[in-house]
Amino acid sequence: MHLFKKPARWATAAACGLLALAALPASPASAAVAKGGAPAVPARYAQQRLDWQPCQSGALECASMTVPRDWYHPGTGADLTVAVSRHRAADPAARRGVLMMAAGGPGASGLGRPAGLSAYSPKLAAAYDVVGFDQRGVGASTQVVCSDQEAVDALFTSGDLRDRSPRAVDATVDRARNFVRDCERRSGDLLPYITTDQAVHDMDLFRALLGESKVSYYGPSYATFLGAYYATEFPSRVDRVVLDSNIGFTGSWQQFLTGQPMSFQRRFEQDFLPWLAANDATYHRGRTPEEAKASYERLRSALGERPLDLEGTTVTSNHLDAAATSIIYSGDRFPDLAMLLDVLEHPQAAPPAARKALAEKLKHPLGAQFAADFFSVICQDTPWNHDSAYWVRRSAADGAAYPMAGARELTFASVCAAWPRSQAPRVRVTGRGLPPILMLNSRHDPATYYEGALRAHRETAGSRLITVGGGDHGVYQSHNACVDAYVEGFLVDGRMPTEDASCEGRPLPDPTAGR
């Protein structure tokens, strides 16, 4: 998930008779999307041409492509638009093909990401046209719309999500059901088509319109789900695949998301609190992890009893938990969380500019547009238990054991329990028939926890897993030389490790450095 950041799914392509584009010789793309014997997709999709224009302040080229609303019934219902981007290979003589990227979430924008990757890695920028896109439902593509921002804020900040009284639980469930009603009212005829399975067909059309028979792929977080699904549905159309910070893409969304309370609590208690205690001379939150945790809980309790008015933003205990779970995605941001705790406890001691900036960051735990796409995907990609009583019991147990993120489990699950439809996945990722896939995951990743990545690795034939120390989410592009060498050695030179390997994590920040 994203705030909570940052997560998708699976069955065999051949068995499902998945669509591919039939040969249409009038267009270079149409030959690339042909697949013997498959139903023909109307020529208006296969023969369109991408009108590339400068974008992202000139760092990229962008275009739009038209896609069917439903790839299984093309031509039925209004078409959708998918925004795409590219950064051309810096060295045409060394170019080896296209590297496709996708964003996490689900719900994050991927349009600008090729610029960041190309700037980070000159090797990849020289060897590939790096391309990206906003997934259907997101950003500059056709958007899915649910509740307004005020209602989404209420979903995650009203009351105290740790409160298990019948009145509080009923209110949480009611807010979730109202969110789903808003989705049906505003996007009802679009909702069934905002799925990972539909999105991977958009990706394959993009590949075809680029005139490529195969693409390589890099994706972090939820994009690991997209990449695993794409490779499984179109195994002959992938070359080199890197999946970074892996969702458990061989299982269901329910299985994956109900594992997150444990991993967020682990990251908080085993990484952040010991670091905070070790730096007590700087932050004064307690000399042991236990003392640091007690100071966090005292602040949280105070915000629960008396919310803080911070530059016009009402900060509650839920805001604190939401911010903490988001910040601990990266060890580099541990000082930000330490500063947040200090400002919330002593707001008048902080400069007005700092208070204002912090208030803006705390105001909306999850953006309304992000939430609409996020729930559309996770609630209907794979089946969910629709028994509200089950989720009340389950969330009570997880909230007691893992209070940092377990308290919000009822909110997420209640949305999916009320969702009008979910489906058995069309795809089952096994890795059979695919080239080897390189996987990366840190041991204490709070969002895409190691146990899920390890399970996906074991169930994906031919994959190699690079285990990274620490708990950062997204380990490539984090200035870890060991990780960079594995990723770039594979994508550029084709060096796949012969067996699983490991890298040390990056050291946590020293707040006294440079003094």
Side-chain angles (χ1 to χ4, degrees), residues 1 4-10 104 196 217-232 240-271 325 328-331 378 381-382 398 401-402 405-406 425 427-432 434-476 478 480 482-483 485-487 490 496-506:
M1 313 182 219
F4 314 115
K5 247 170 188 145
K6 306 139 215 91
R9 278 82 197 128
W10 17 76
T196 298
Y217 181 86
Y218 167 77
S221 195
Y222 164 65
T224 63
F225 203 93
L226 270 175
Y229 262 49
Y230 178 75
T232 300
R240 299 170 182 174
V241 176
V242 177
L243 306 180
D244 181 351
S245 303
N246 294 263
I247 283 173
F249 50 72
T250 56
S252 70
W253 275 111
Q254 176 174 317
Q255 180 184 23
F256 172 73
L257 288 172
T258 52
Q260 282 190 323
M262 174 278 297
S263 56
F264 276 101
Q265 195 74 29
R266 176 173 62 192
R267 175 67 161 162
F268 182 69
E269 293 189 352
Q270 297 185 22
D271 292 350
T325 52
I328 60 176
Y329 274 55
S330 169
I378 71 163
D381 264 0
T382 57
D398 285 347
Y402 315 113
V427 177
R428 181 171 178 268
V429 178
T430 65
R432 289 192 292 271
L434 294 177
I437 293 174
L438 183 65
M439 300 173 64
L440 319 166
N441 231 91
S442 67
R443 286 191 178 275
H444 282 185
D445 189 321
T448 54
Y449 47 90
Y450 187 68
E451 293 82 353
L454 192 61
R455 185 166 54 248
H457 164 51
R458 288 171 175 167
E459 295 175 1
T460 304
S463 62
R464 301 285 186 273
L465 176 63
I466 308 300
T467 297
V468 183
D472 284 352
H473 179 72
V475 293
Y476 182 58
S478 66
N480 184 316
C482 176
V483 172
Y486 277 115
V487 172
F490 174 52
M496 168 63 79
T498 57
E499 58 186 8
D500 294 347
S502 62
C503 290
E504 291 186 6
R506 296 174 62 244

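Side-chain atoms are counted along with the backbone in the values below, which use heavy atoms only and exclude waters and symmetry mates.
Residues Phe264 and Ala405 approach most closely at CB-CB, 3.8 Å, considering heavy atoms. Summarising the geometry of Gln260 relative to Ala447, their closest heavy-atom pair is NE2-O, 2.8 Å, with the distance given to 0.1 Å. Here the closest heavy-atom approach between residue Gly474 and residue Asp445 is recorded as N-OD2, 4.4 Å. Across Val242 and Phe490, no two heavy atoms sit closer than the pair CG2-CD2, 3.6 Å. Across all non-hydrogen atoms, the minimal contact from Gly471 to Pro446 is O-CD, 3.3 Å. Across all their heavy atoms, Gly248 and Ala456 have their closest contact at CA-CB, 4.5 Å.
Within the 4.5 Å cutoff, the side chain of Val475 has no heavy atoms near those of the Asn441 side chain. The shortest distance between side-chain heavy atoms of Val241 and Tyr230 does not fall below 4.5 Å. Between Cys482 and Glu504 there is no side-chain heavy-atom pair separated by less than 4.5 Å. Residues Gln254 and Thr382 form no side-chain contact, since every pair of their non-hydrogen atoms from C-beta on lies 4.5 Å or further apart. Looking only at side-chain heavy atoms (C-beta outward), Pro497 and Ile466 come within less than 4.5 Å of each other.
One distance of note links CZ of Arg506 with OG of Ser330; it measures 7.0 Å at 0.5 Å rounding. Going from atom OH of Tyr450 over to atom OG of Ser263 covers 14.5 Å, rounded to the nearest 0.5 Å. For the atom pair Arg464 CZ and Glu499 CD, the distance stands at 8.5 Å (nearest 0.5 Å). In this structure, CD1 in Ile247 is found 12.5 Å from CD in Gln255, a value given to the nearest 0.5 Å. Of the inter-residue distances, the one linking Ile328 atom CD1 with Gln265 atom CD reads 8.5 Å to the nearest 0.5 angstrom. Here the CE atom belonging to Met262 is positioned 4.5 Å from the CZ atom belonging to Arg266, to the nearest 0.5 angstrom.
The closest donor-acceptor contact from the side chain of Thr448 to the backbone of Ser221 lies at 3.5 Å or more, if one exists at all. A donor-acceptor pair under 3.5 Å is formed between the side chain of Asn246 and the backbone N or O of Leu440. Remark: side-chain polar atoms of Thr460 are not paired, donor with acceptor, to backbone N or O of His457 under 3.5 angstrom. The main-chain N or O of Leu465 is found under 3.5 Å from a side-chain atom of Asp500 such that the two form a donor-acceptor pair.
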Given salt bridge (Lys or Arg N to Asp or Glu O under 4.0 Å), test Asp472 with Arg267 step by step and report yes or no. CA-CA 9 Å; Asp472 284 352; Arg267 175 67 161 162; 3.2 Å; yes
Applying side-chain contact (heavy atoms from CB on, under 4.5 Å), run through Leu226 and Tyr217 and close with a yes or a no. CA-CA 10 Å; Leu226 270 175; Tyr217 181 86; 3.7 Å; yes
Derivation of the side-chain contact (heavy atoms from CB on, under 4.5 Å) call for Arg443 and Thr467: CA-CA 7 Å; Arg443 286 191 178 275; Thr467 297; 3.6 Å; yes
Could you walk me through whether Tyr222 and Ile378 pass side-chain contact (heavy atoms from CB on, under 4.5 Å), step by step? CA-CA 10 Å; Tyr222 164 65; Ile378 71 163; over 6 Å; no
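Note: Phe256 and Tyr449 meet the aromatic proximity criterion, with ring centroids under 6.0 Å apart. Ring to ring, Tyr476 and Tyr218 are close: their centroids are under 6.0 angstrom apart.
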